[in-house]
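Working notes for the structure below.
Only a predicted model underlies this, so the values are computations on that prediction, with no experimental measurement involved. By convention here, the first residue in the shown sequence is residue 1.
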Amino acid sequence: MKKNFIVIVILIGLVGWGIYDTSKKNGDRQANLASSQPAMEGIDDSSLSIGINQGNIAPDFVLNNLDGKSFKLSDFRGQKVIVNMWATWCPPCRAEMPDMQKFYEKYKNENTTVIAINMTTSEKSVDRIPEFLDEFGITFPVLLDKQNSIGEIYQVYALPTSYIIDSQGIIQQKVTGPMNYKMMEKLVKEIR
């Protein structure tokens with residue numbers, strides 16, 4: 001009985017330490033990210049902070065597509081953006097991709113875009129990515145998160161995960177799980 005109690009106390013202590021350590025690392029990562037990012041043009045960012053919560057300025061990033069071309073989130077400032085984190089092996093990701101392409105085709109000329117970030121470290125083979133894109137006729141930017149750095153910053157724990165970002169670069173919504181066309185349309189129409 002005494003041994004069981006000691007084991008339980010030790011386990012609770014380890015879990016508590018793990019939660020504390022993870023939250024501290026996430027806080028440090030956000031602080032480092034905030035200090036390294038330039039001020040956003042046209043935004044009175046004195047009351048805004050960089051982070052992943054609703055109302056925060058979305059953390060900027062630079063990632064390459066399959067052809068090696070670099071894309072930076074802040075380059076899309078002035079547009080409404082759906083940033084979608086996904087993988088080829090993910091059934092809900094496969095389910096939402098046709099609607100995402102349909103949405104992109106309809107709204108790409110209305111200052112609205114989709115950026116898909118493949119969680120590349122979770123893929124068995126990078127060769128599956130172009131096959132997936134061809135299968136679904138994807139024409140919006142698809143970027144590779146080869147070190148899972150964006151997955152960590154944006155705390156992607158389930159796929160798909162999407163962030164709806166307004167034209168000022170401010171996060172308006174986080175969606176965990178697949179979206180359909182009507183949902184995308186509703187979420188994006190509600191923002192400036």
Side-chain angles (χ1 to χ4, degrees), residues 18 21-38 40 49-53 56-101 103-104 108 112-165 169-179 184:
D21 191 47
T22 300
S23 65
K24 183 172 177 0
K25 285 179 185 174
N26 285 338
D28 291 346
R29 185 181 306 120
Q30 293 297 331
N32 290 339
L33 189 61
S35 66
S36 70
Q37 297 215 4
M40 306 298 166
S49 61
I50 296 170
I52 60 165
N53 296 317
N56 289 152
I57 298 169
D60 206 357
F61 57 79
V62 178
L63 290 174
N64 295 334
N65 68 4
L66 285 164
D67 297 327
K69 181 180 177 189
S70 291
F71 288 81
K72 189 174 183 180
L73 178 61
S74 57
D75 291 341
F76 295 90
R77 192 68 36 83
Q79 296 184 52
K80 299 174 185 181
V81 181
I82 296 176
V83 177
N84 175 258
M85 286 76 157
W86 66 284
T88 61
W89 52 263
C90 162
C93 301
R94 295 181 70 82
E96 79 177 351
M97 278 296 173
D99 281 349
M100 205 159 278
Q101 178 61 35
F103 175 85
Y104 173 73
K108 68 181 177 182
T112 302
T113 196
V114 174
I115 301 171
I117 300 177
N118 177 267
M119 299 289 100
T120 312
T121 57
S122 74
E123 297 286 356
K124 290 182 182 175
S125 169
V126 178
D127 295 338
R128 296 175 122 178
I129 300 168
E131 293 169 7
F132 182 96
L133 301 178
D134 288 344
E135 178 183 344
F136 290 100
I138 302 303
T139 59
F140 48 81
V142 175
L143 311 178
L144 306 178
D145 188 5
K146 292 182 178 179
Q147 269 73 50
N148 196 38
S149 57
I150 306 311
E152 286 182 13
I153 291 168
Y154 279 81
Q155 297 182 9
V156 178
Y157 301 120
L159 295 177
T161 294
S162 298
Y163 283 85
I164 313 301
I165 302 171
I170 299 169
I171 295 173
Q172 296 299 316
Q173 212 48 258
K174 177 181 180 180
V175 179
T176 303
M179 295 188 291
M184 291 175 218

What's the shortest heavy-atom distance between [X] and [Y], and which atoms?
{"X": "Leu144", "Y": "Asn65", "value": "CD1-O, 4.3 Å"}
{"X": "Ile52", "Y": "Pro59", "value": "CG2-CG, 4.0 Å"}
{"X": "Ala87", "Y": "Ser122", "value": "CB-OG, 3.7 Å"}
{"X": "Thr176", "Y": "Ala158", "value": "CG2-CB, 3.8 Å"}
{"X": "Pro178", "Y": "Pro92", "value": "CB-O, 3.6 Å"}
{"X": "Tyr154", "Y": "Lys174", "value": "O-NZ, 4.2 Å"}

### Query
Where the side chain of Asp145 meets the backbone of Ile117, is there a donor-acceptor pair that is under 3.5 Å apart?
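Not confirmed, Asp145 side chain does not pair with Ile117 backbone.
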Requested in this report: State whether the side chain of Gln101 and the backbone N or O of Thr139 hold a donor-acceptor pair below 3.5 Å, judged by distance alone.
Outcome: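 Yes, because the side chain of Gln101 sits within donor-acceptor range (under 3.5 Å) of the backbone of Thr139.
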Quiz prompt | From Leu73, Ile82, Val142, Asn84, residue fulfilling side chain to side chain contact (heavy atoms under 4.5 Å, CB included) relative to Ile115 | solution =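 It is Leu73, the one option of Leu73, Ile82, Val142, Asn84 that forms the side chain to side chain contact (heavy atoms under 4.5 Å, CB included) with Ile115.
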Within-4.5 Å side-chain heavy-atom neighbours: [X] and [Y]:
{"X": "Leu133", "Y": "Leu66", "answer": "yes"}
{"X": "Trp89", "Y": "Leu159", "answer": "yes"}
{"X": "Met179", "Y": "Phe103", "answer": "no"}
{"X": "Met119", "Y": "Asn148", "answer": "yes"}
{"X": "Lys80", "Y": "Gln172", "answer": "no"}

Please round to the nearest 0.5 Å and tell me the distance separating atom [atom1] of [X] and atom [atom2] of [Y].
{"X": "Thr121", "Y": "Lys146", "atom1": "OG1", "atom2": "NZ", "result": "12.0 Å"}
{"X": "Ile50", "Y": "Asn53", "atom1": "CD1", "atom2": "CG", "result": "13.0 Å"}
{"X": "Thr113", "Y": "Ile165", "atom1": "OG1", "atom2": "CD1", "result": "11.0 Å"}

*Between Phe76 and Phe71, how do the two ring planes meet: parallel, tilted or perpendicular, split at 30° and 60°?*
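If you compare the ring of Phe76 with that of Phe71, the planes turn out parallel.
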